[in-house]
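Read through the structure below, which is laid out as structure tokens, and then see the notes.
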Number of protein chains: 2
Amino acid sequence: MEDLWEGVESEAARRLLRAAVELLAARGYGGASTREIAERAGLSPAAMYVHFPTKAELLYTIIHTVHVTAHAAVVAGGSARGGVRDSPAAMVRGMVYALAAFHSRHQLAARVTQNELAALPPAQWATIRGMRDATEGLILAEVARGAAGGEFDVADLTGTSRAIVSMCVDVARWYHPEGPRTPDEVGALYAHLAARMLGVKP
Amino acid sequence: MEDLWEGVESEAARRLLRAAVELLAARGYGGASTREIAERAGLSPAAMYVHFPTKAELLYTIIHTVHVTAHAAVVAGGSARGGVRDSPAAMVRGMVYALAAFHSRHQLAARVTQNELAALPPAQWATIRGMRDATEGLILAEVARGAAGGEFDVADLTGTSRAIVSMCVDVARWYHPEGPRTPDEVGALYAHLAARMLGVKP
DNA sequence: CGCGAAGATAAGCGTCCGCTTAGTATGTAA
DNA sequence: TTACATACTAAGCGGACGCTTATCTTCGCG
């Protein structure tokens, strides 16, 4: 969670991924050259191809890792901590906290991911879309459970869930680590706002 | 409001702008070539330079127009319609409705705008940032007025305003015109959600 | 008709791109 | 020692890029 790339075996590959995230965030996929990425990673232009078969695969590694890690964070944020099964309100608060904090903590990688999603080839896009639907589905399920049980007051289940997830994801677009808020503070604020949006009853 | 480019004098320039929005949304600034943009506009590769001095100026025209139009929409959405001065709740609802509907209606142009903002040269970025601050400031001012008057229940004024604006802007990332919601429906839902986030009292 | 301005084009310049190739250094293990 | 694999580099190929130039067409207007 602390370092997105700690699971990557090769040190050079990790440096390439970190360099790629910074350059893709600054210039976009088409604007960041493989030469520049390799140079920032301290390698010759050709060395990237030892670790990634194409520039597109380097991007996909970033996008896939971001989605895997974000989904795991939401699952962890929504796991029952107190009793046998937490209330829908507690579950949603925990998941929204985790999703917003993730997009603060990993804002550059998440921003690259959102910006370049549309350029994925169909097969890869299908995989990623499945992971996105799964993550949003975790939250939608709790929203539906809370609405069915009368703990929430929600007229538009899918629209409200979508808005909550969208709000969390968009943190990556404006969040700046030198700004006034820590990722945990953003998570706490957004958990509160999501509860408000759902009309959580006292 | 219906057509973003109706204020552009030349028909060929309008076609170039429309082609550019579609291609930049699909491939990003670095991935969409001037040849491709010109071809989609029904012109030769060199004809773009009759209407725009550089590819970067073409992009800036899009980004600037989107910001001008969005700001005007928020101003119109927040103008008093009933009495002498509307309540903060009515103002915020009207402005959020307008901002969310705008980002649904012009989702492609707005998405290009958000994605490529980081690539603007400093002088242009300063201009655009001023317009963004102004638009967010319109909403923040009403949030502060409502909180001061006791009509809202808001602990974090800037954080909550930022979240509301962010949520509206992010509509451009996921909205699809063939989807189940019209821009007006998105606006209505988001106005309701913003009121909830602000703890509007009955 | 005569003429200049505006809009558009075909051709192409120099540069940078993703990626390949051929070859080098290093480590491991039979 | 030989053999092989991995990580890396210098050099460069073919092509696409943004943009320019020289040229042509069109058209309003005296």
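Numbered from 1 within each chain, the chains take letters A, B, ... in sequence-line order. Note that the coordinates shown come from a computational prediction; the quantities given were computed from them, not determined experimentally.
- For the pair A:R181 and B:D156, the salt-bridge criterion is met [side-chain N within less than 4.0 Å of a carboxylate O].
- Residue A:H51 places no side-chain N or O under 4.0 Å from the OP1 or OP2 atom of D:dT6.
- In this view, A:R196 and B:D153 satisfy the side-chain hydrogen bond (donor to acceptor under 3.5 Å, both in side chains) rule, not counting sequence neighbours.
- Contact of the B:L16 side chain with the B:I37 side chain is registered, since non-hydrogen atoms from C-beta on lie closer than 4.5 Å.
- The pair B:R18-B:D3 counts as a salt bridge, with a side-chain nitrogen and a carboxylate oxygen less than 4.0 angstrom apart.
- Contacts with DNA chain D (heavy atom under 4.0 Å) in residues 10-24 of chain A: A:A12, listed by number.
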Side-chain polar contacts of residues 50-59 of chain A - donor-acceptor pairs under 3.5 angstrom, sequence neighbours left out - could you list them?
residue: A:T54; atom: OG1; partner: A:A56; partner atom: N; Å: 3.4
residue: A:T54; atom: OG1; partner: A:E57; partner atom: N; Å: 3.1
residue: A:K55; atom: NZ; partner: A:Y29; partner atom: O; Å: 2.6
residue: A:K55; atom: NZ; partner: A:A32; partner atom: O; Å: 2.8
residue: A:E57; atom: OE2; partner: A:Q124; partner atom: NE2; Å: 3.1

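- Remark: B:E151 does not engage B:R145 in a salt bridge, criterion side-chain N to carboxylate O under 4.0 Å.
- Bounding nucleotides for the chain A contact on DNA chain C, 5' to 3', at a heavy-atom distance below 4.0 Å, are C:dC17 to C:dT20.
- In terms of modelled atom types and a separation under 3.5 Å, the side chain of A:S161 and the main chain of A:T158 share no donor-acceptor contact.
- Side chain of A:H103 to main chain of A:L99: a donor-acceptor pair is present (N/O by atom type, distance under 3.5 Å, no hydrogens or angles).
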Checklist entry - Just by protein heavy atoms under 4.0 Å, how would nucleotides 14-26 of chain D read 5' to 3' in B, S and -? => result ---BBBB------
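- With sequence neighbours excluded, the residues that form a ring pair (Phe, Tyr, Trp, His ring centres under 6.0 Å) with B:Y60 are B:H64.
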